[in-house]
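Written below as structure tokens is the structure these notes are about.
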Amino acid sequence: MNAVSTGINGLDQVIDKLRLGDNVVWQVDSLDDYRKIVNPYIEQAVKDNRRIIYIRFGTHEPIILENSNVILINVEAEKGFEYFASTIHSIIEGEGKRAFYVFDCLTDLLKYWYSDLMIGNFFKVTCPFLYELETIAYFALIRDSHTNDTISRIRETTQVLLDLYNIDGTYYVHPLKVYERYSSNMFLPHLITRKEALCISASFDASLIFSRFNLNSNKLDYWDVTFNDAYTKLSGSNEAQEKAKELLIKLLIGRESKMYDLCKKYFTLRDLLNIKGREIGTGMIGGKSVGMLLARKILESDKNKRFKSIMEIHDSFYLGTDVFYTYIVQNGCWSLRTKQKTEEGYYKYAPKLKEKLLNGTFSNEMKTQFMNVLEYFGQSPIIVRSSSLLEDNFGNAFAGKYDSVFCTNQGTPEERYNAFEEAVKIVYASTMNEDALNYRKNRGLVDKDEQMALLIQRVSGDKYGNYFFPHLAGVGNSSNLYVWDKNIDMNAGMLRLVVGLGTRAVDRIEGDYPRIVCLDDPKRVPLISYGDEKKFSQHYMDCINIEKNSFCKLTIDDGMSEDLRTSKDLFAQMDYETSKRKRELNLKGDAYIINFKNLFNETNFAEKMKEILELLRDTYDYPVDIEFTANFKNDKIYKINILQCRPLQTRGLGKLVDIPKESEEIKCLFKTHGNFMGGNVHYKVDYIVHIKAKEYLNLNEQERFKIARKVGELNSVLKDRNAILIGPGRWGTTITSLGVPVHFTELCNMLGIFEVAYKSENLMPELSYGSHFFQDLVESGIFYGAIFNGNDNVKFNEDLILESENIIGELIECDYDNVIHVIKAENIELFSDTVSQTMICLKIK
């Protein structure tokens, strides 16, 4: 019942016909030879009333000429592995059971992917699905064009593998694998005609046939062949080098885009070959790696050589995107990933796929390369960072959506290896994090090819006592959209600066405040009340504990007590009052306030950072966002390490706004000078969601999280309805005593969000410009304001909200209408003006 003819009687005799479910792979010397065995197969299938599909993707001449009995489907292989494999999966699924297929020559995929590895991956994910649906499918490979590993993976997966030889017009078939069939002469070569097969059993005849063929056991992957060829172009003409460079940019970085154009302008062929020399596996290196390398190259190319003496050299490695796909395929995750990519399975299958990604295994070859990297770094701490294709690109920052993992890199080689491999798996699995899924969904990126590469960097810094950290780290933005003084030059840029590892600069850390630096005047400080300098400064620093082999945090006082081998007063000043109190209490050590005053007074650090950001911004022709570290020597000489650079997602200032004056008929809901972000706006507000501070703090921990979930429900209901969110302290905090612990996706539909200070309750906004939270706000187009209630020139008329009817019950089911007050806003409008630094929300009768 399941036996199917190949259309060639002689071949049917040799392999006992085909069976439904068979994938048939032919190794041939030419496409004409492949056509020679495809044509009878098609003719027989037509006679048997089979549904025949020809999958066309190659640049070669068609395998099947126009035939009304054959369905032709073109698939664009140049769009990448995931698109190609997923599209073919959908075609097979749509055609259903017992369809018959002919595929173009798989070797042609090398022209698009330049990777043998990915051809093996494609076959490994496609063949089982064809088998499951009881199809018959013909594939071809050009002999001696693929590595032994690729042929081995195909042999392992397919049901039938055959060598076809054309010797002076006579065809011989040599079966290498025939699933669940056997005869005493099946695996000998056979001379094939349409009617019969002649077994070649005599040694004389067999040796005569095969003596002309060689086993090429050292065949290189096409990826390596391509790069080896590029090496030869280094001594060639400029035209040859330029052509090779364009190809390598496509392979390592991607196709035409703004980033492609910048890379083409600044990278030389030698630069690209150096990148390949530090790549593990094959494929693209991802957005984060490209951004870091491009920024460094731009600064290195500065015609005045302003940065040559202050740049710390990097020695990073890059884990190619093909490794990510291979890991998915080899660990049996592709089918689950395919289900997860569907609309109905997008969230449903993500947790299971994440679990499988966390618990997969790598090939022995990959493990060897991982160990080589670890041996290179020795016991220096390293960080494994996400570097997906879309990450850090124009339009999509993915700021903080994927994980980065510090490896302290201490212990035995086995312990260090296990920690590193676990870090790689964690970053891979973070592609299924809820925040990442929501981000891709909200940004319309679900269908985009989002392969994950990795950037493996040496942690910048040094060992001080038992701790490893850089002297300072931070985020730099070339445009300062968050200003508190009308004299601030927004185009001079800003820094978000911390002592120690930069994790406290990129995240909103409860109870800690990075130093916000306006680069037009670094000594200018944000508006804080007298005596609050210490309160609104950095209290802890992140570092690596070498002795305990762990990531940890230190108090600033403990960190400053170490021998930093440079002047501590660059970063901190003695807190004499607290130091005196500690001595009175017989506590060891002095107390410090992190303010970086002498960094700006005694070095040109701020000036150089301003110049770096200006040059990158002008080169990108777009605002930029960088992450960096700096390390100092005793003589105050420093080195800056650019860890990351990406286009800064910003919104324009907008047109100037005429703000009405307050009167009896125009009441003020809130008003502040500075401390807002979003440019010049004039919005009509339709709904206000307000969280009452005292009532919120009277709730227990569990109830506060329930409030956050209810805010998320309102966020969904009020989408596209011009709603603003007003709440105590910080939105998005994880500590409920400091604000409402919403996820960003639970406020992403709001027109604006406002954080209100209640000093008596220790609830304070956090001016998070430059953080990942800031990136989310700007990309989503959400206006942000901090209302420091009680400060001069600040108003907040809460009664204007509370006197209106609470309509929360009309929108969602909620038992907390005493905490969440929602009003249908009538004649309420929001204004902001960056010139006068005024933000005001008015009720206009």
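Evaluation of the ring pair (Phe, Tyr, Trp, His ring centres under 6.0 Å) rule for Y114 yields Y222 as partners, not counting sequence neighbours. Scored by the side-chain hydrogen bond (donor to acceptor under 3.5 Å, both in side chains) test, T326 finds N121 as partners (sequence neighbours excluded). D229 meets the salt bridge (Lys or Arg N to Asp or Glu O under 4.0 Å) test with K233; sequence neighbours excluded. In terms of the ring pair (Phe, Tyr, Trp, His ring centres under 6.0 Å) criterion, F307 has no residue partners (sequence neighbours excluded). Every residue meeting the side chain to side chain contact (heavy atoms under 4.5 Å, CB included) condition with S430, not counting sequence neighbours, appears here in chain and number order: Y402, D403, V427, N433. Applying the side chain to side chain contact (heavy atoms under 4.5 Å, CB included) test to A85 and every residue at least two apart in sequence or in another chain returns F81, F122, V125, W334. In this view, D520 and I488, D489, A492, C518, R524 satisfy the side chain to side chain contact (heavy atoms under 4.5 Å, CB included) rule, not counting sequence neighbours. Remark: E365 pairs with S363, Q369 by the side chain to side chain contact (heavy atoms under 4.5 Å, CB included) rule, at least two apart or across chains. Residues forming a salt bridge (Lys or Arg N to Asp or Glu O under 4.0 Å) with E312 (at least two apart in sequence, or on another chain): none. Judged as a side-chain hydrogen bond (donor to acceptor under 3.5 Å, both in side chains), and not counting sequence neighbours, the contacts of D116 are H146, T147, T150. Take K523 and apply the side-chain hydrogen bond (donor to acceptor under 3.5 Å, both in side chains) test, not counting sequence neighbours, and it matches N601.
Atoms CD and OH, on E76 and Y112 in that order, are 9.5 Å from each other to the nearest 0.5 Å.
The closest side-chain donor-acceptor pair between R296 and N641 falls under 3.5 angstrom.
Side chains of S86 and E82 form a contact here, defined as non-hydrogen atoms less than 4.5 Å apart.
Judged as a ring-ring contact (aromatic ring centres under 6.0 Å, His included), the pairs with a partner in residues 224-247 (not counting sequence neighbours) are, in order, W223-F227.
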